[in-house]
Amino acid sequence: MKLAQRMTLKQLRALVAVADSASFTQAARLLHLTQPAISMQIRDAEAIVGQVLVDGRREIRLTPAGEILVRAARQALHGLELAEVELKARIGVAAGTLDVVAITTAEYFVPYLLAEFGRRFPDITFRLTVANREHVRALLQEQRCDVAIMGQPPRGLDLRRIPFAPHRLSFVARPDHRLAGRKRIPPAALTEERLLLREQGSGTRDNLERFLRAHGVKPLAADELGSNETLKQAVMAGMGIAFLSHHTFAMEVESGRLVRLDVVDTPVIREWNVVSRTDRPMTPALDALLEFLQTEGAARMRGMERWARIAIGARQKKTR
Ligand code: PGA
């Protein structure tokens with residue numbers, strides 16, 4: 001086989017792109033190539049390896065041989081990216097591409113932080129993935145991201161966690177809901193409500209379940225709807241009430257389409273963390289991002305929080 005002598009970086013990149021997108025067309029788009037060019041790279045790689053790497057009979061999937069090669073390809077490509085960063089660092093530039101993964105709820109603020117960071121460090125580019133908890137865990141476990149921005153870090157991995165901002169969560173309802181505008185609603189009042197839930201395993205869901213358990217509340221009924229956006233739409237449609245992060249609903253509260261319910265012991269306050277593997281090599285770019293999140297990033301988050309508090313507070317006064 002003599003892979004190291006015969007395989008090319010083009011083939012490795014094509015294979016990783018097919019693995020990531022599970023599609024030849026998508027992979028071609030990612031690499032700015034044509035689809036036949038991608039197929040050719042994969043066929044050539046298969047000829048060198050002497051085994052089928054991609055199984056395309058029904059859906060595009062890596063074979064076990066393909067998995068082995070993709071793992072090695074990722075390491076090789078990552079090694080080159082690190083070398084690029086080090087080479088740039090020699091001439092004093094924090095540069096390179098950072099793989100950032102944001103847990104679903106963090107998509108409401110992470111772009112604002114990266115926009116600011118990008119202005120400071122124009123030589124650093126991003127690959128931002130928004131993913132649910134299970135996917136974030138897999139990306140951390142497989143060394144496929146530099147940092148994850150999330151609430152509670154997943155268990156069982158060797159991770160470093162830096163808290164950088166508070167995270168508030170509350171119940172929201174439609175403005176014509178019977179509890180809207182009421183002060184100091186006892187959690188027991190929620191037993192009469194139909195509650196709309198995020199999917200099992202989501203941080204938001206976890207926080208809600210802890211709150212309900214702590215107050216011994218069992219809602220009338222509960223529907224699982226999956227995403228923050230769907231939950232908001234369902235609340236606005238009058239399907240029930242939901243427990244959500246303030247980041248997700250401040251805008252709807254400001255425009256009068258939702259209200260925060262003043263339930264006793266809410267907002268629940270947790271924290272946002274930047275999480276990375278302890279064995280992830282520290283690069284100047286990663287170092288710059290961590291430093292930024294703890295200083296200017298945290299200050300920006302306080303600014304966003306202040307805005308959300310004012311928006312939510314002002315609207316609550318009007319509803320009373
Ligand atoms: P979620 O996570 O978007 O899965 O609800 C938020 C969090 O990590 O707290």
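Counting starts at 1 for both ligands and their atoms, in listed order. Just so you know, residue 1 is the first one in the sequence shown, and it goes up from there. Computed over heavy atoms, backbone and side chain alike; hydrogens, waters and symmetry mates excluded.
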Enquirer: Quick check: does Thr204 get an N/O under 3.5 Å from an N/O on ligand 1?
Expert: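 It does: an N or O of Thr204 is found under 3.5 Å from an N or O of ligand 1.
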Enquirer: Students often mix this up, so state it plainly: with edges at 30° and 60°, are the rings of His167 and His247 parallel, tilted or perpendicular?
Expert: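 Because their plane-to-plane angle lies in the 30° to 60° range, the rings of His167 and His247 count as tilted.
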Enquirer: Checking Arg133 side chain against Gln152 main chain: does a donor-acceptor pair fall under 3.5 Å?
Expert: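 Yes.
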Enquirer: Going by distance only, is there an N or O of Thr104 that falls short of 3.5 Å from an N or O of ligand 1?
Expert: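 Yes.
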Enquirer: For ligand 1, does Arg205 get within less than 4.0 Å through its side chain, its backbone, both, or neither, judged by non-hydrogen atoms?
Expert: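 Contact part for Arg205 vs ligand 1: neither.
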Enquirer: I need the atoms of ligand 1 closer than 4.0 Å to a non-hydrogen atom of Thr105, numbered in the order shown.
Expert: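 Counting atoms of ligand 1 from 1, those under 4.0 Å from Thr105 are 1 (P), 3 (O), 5 (O).
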Enquirer: With atoms numbered from 1 as shown, which atoms in ligand 1 lie under 4.0 angstrom from a non-hydrogen atom of Ser202?
Expert: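 By the 4.0 Å cutoff, the relevant atoms are 4 (O), 5 (O).
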Enquirer: Can you tell me if Thr278 and Arg160 form a side-chain donor-acceptor pair at under 3.5 Å?
Expert: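 No pair is found: no donor N or O on one side chain lies under 3.5 Å from an acceptor on the other.
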Enquirer: Is the shortest distance from a heavy atom of Ile103 to ligand 1 less than 4.0 Å?
Expert: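 Yes; Ile103 lies near enough to ligand 1 that a heavy-atom distance drops under 4.0 Å.
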Enquirer: If we ignore hydrogens and angles and just use 3.5 Å, is the side chain of Gln11 paired with the main-chain N or O of Thr8 as donor and acceptor?
Expert: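 The answer is yes, because a donor-acceptor pair under 3.5 Å joins these two groups.
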Enquirer: Does ligand 1 come near enough to Gly203 that some N or O of the ligand is less than 3.5 Å from an N or O of the residue?
Expert: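 Checking ligand 1 against Gly203, an N or O pair does fall under 3.5 Å apart.
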Enquirer: Going by the atom numbers of ligand 1, which of them fall below 4.0 Å from some non-hydrogen atom of Gly151?
Expert: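 Selected atoms, number and element: 7 (C), 8 (O), 9 (O).
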Enquirer: Counting each atom of ligand 1 from 1 as listed, which ones have a heavy atom of Arg198 under 4.0 Å away?
Expert: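 Those atoms are 1 (P), 3 (O), 4 (O), 5 (O).
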Enquirer: Relative to the ring of Phe126, is the ring of Phe117 parallel (under 30°), tilted (30 to 60°) or perpendicular (over 60°)?
Expert: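 Taking Phe126 first and then Phe117, their aromatic rings sit tilted (interplane angle of 30° to 60°).
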Enquirer: Checking side chain to side chain contact (heavy atoms under 4.5 Å, CB included) against Met150, which of Val101, Val275, Thr104, Thr105 comes through?
Expert: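 Among Val101, Val275, Thr104, Thr105, the one that satisfies the side chain to side chain contact (heavy atoms under 4.5 Å, CB included) with Met150 is Val275.
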Enquirer: Should you measure from each heavy atom of Arg133, which atoms of ligand 1 turn up under 4.0 Å away?
Expert: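 Near Arg133, meaning under 4.0 Å from one of its heavy atoms, ligand 1 has 8 (O).
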Enquirer: Have Gln143 and His78 got a donor and an acceptor in their side chains that come within less than 3.5 Å?
Expert: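 No, His78 and Gln143 have no side-chain donor paired with an acceptor closer than 3.5 Å.
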